[in-house]
Amino acid sequence: LCQELLKMGHYVVAHCNRNQAALDKLAEGYSQDLKILQADLSFEDQLLKFITETERSISVPDGIVFFPSLKRNNEPLRS
């Protein structure tokens with residue numbers, strides 16, 4: 001989906017927690033239109049940093065697409 005949005009001319013902020021390799025490969029062809037942000041969103045400080053960096057990159061996004069990982073943890077955010 002990220003690649004399709006880039007092909008349509010969108011600027012994309014892509015999130016990853018640990019596996020950034022596929023995004024790095026995609027960035028080779030779209031370095032001006034793709035910002036990769038690493039964060040463990042189960043930690044409040046990293047979530048806030050992710051939001052701040054997104055705002056710096058594009059202000060307010062036109063949309064957000066969320067694909068949760070297969071591993072699921074229903075614990076509350078950690079400080």
Peer 1: What is the distance from atom CG of L5 to atom CG of L34, rounded to the nearest 0.5 Å?
Peer 2: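 CG of L34 is found 10.5 Å from CG of L5.
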Peer 1: Would you say L47 and I58 are hydrophobically clustered, going by side-chain heavy atoms of ILVMFWY under 4.5 Å?
Peer 2: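 Linked, L47 and I58 end up in one cluster.
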Peer 1: Which residue pairs pass the salt bridge (Lys or Arg N to Asp or Glu O under 4.0 Å) test with at least one member in residues 1-17, sequence neighbours excluded?
Peer 2: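 Qualifying pairs: E4-K7.
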Peer 1: Rounded to the nearest 0.5 Å, how far apart are CG of D40 and SG of C16?
Peer 2: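 It is 11.0 Å, given to the nearest 0.5 Å.
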Peer 1: Would you say the side chain of N17 lies within less than 4.5 Å of the side chain of S42, judging by non-hydrogen atoms?
Peer 2: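 Contact flag for S42/N17 side chains = no.
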Peer 1: Mind checking side-chain contact (heavy atoms from CB on, under 4.5 Å) for T52 and listing every partner two or more places apart, or none if nothing turns up?
Peer 2: R56
Peer 1: Suppose the criterion is ring pair (Phe, Tyr, Trp, His ring centres under 6.0 Å): which pairs have a residue in residues 14-37, not counting sequence neighbours?
Peer 2: H15-F50
Peer 1: Would you list the atom pairs, donor with acceptor, under 3.5 Å between side chains in residues 20-29 and any protein atom, with sequence neighbours excluded?
Peer 2:
residue, atom, partner, partner atom, Å
Q20, NE2, D24, OD1, 3.0

Peer 1: Could you pull out all residues at least two apart from E55 that satisfy side-chain hydrogen bond (donor to acceptor under 3.5 Å, both in side chains)?
Peer 2: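 Checked E55 against side-chain hydrogen bond (donor to acceptor under 3.5 Å, both in side chains); zero matches.
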Peer 1: Does one hydrophobic cluster hold both L48 and L41, with members joined at side-chain heavy-atom distances below 4.5 Å?
Peer 2: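 In one cluster with L48: L41, no.
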Peer 1: How far apart are the closest heavy atoms of Q32 and Y11, and which atoms are they?
Peer 2: O-CE1, 3.4 Å
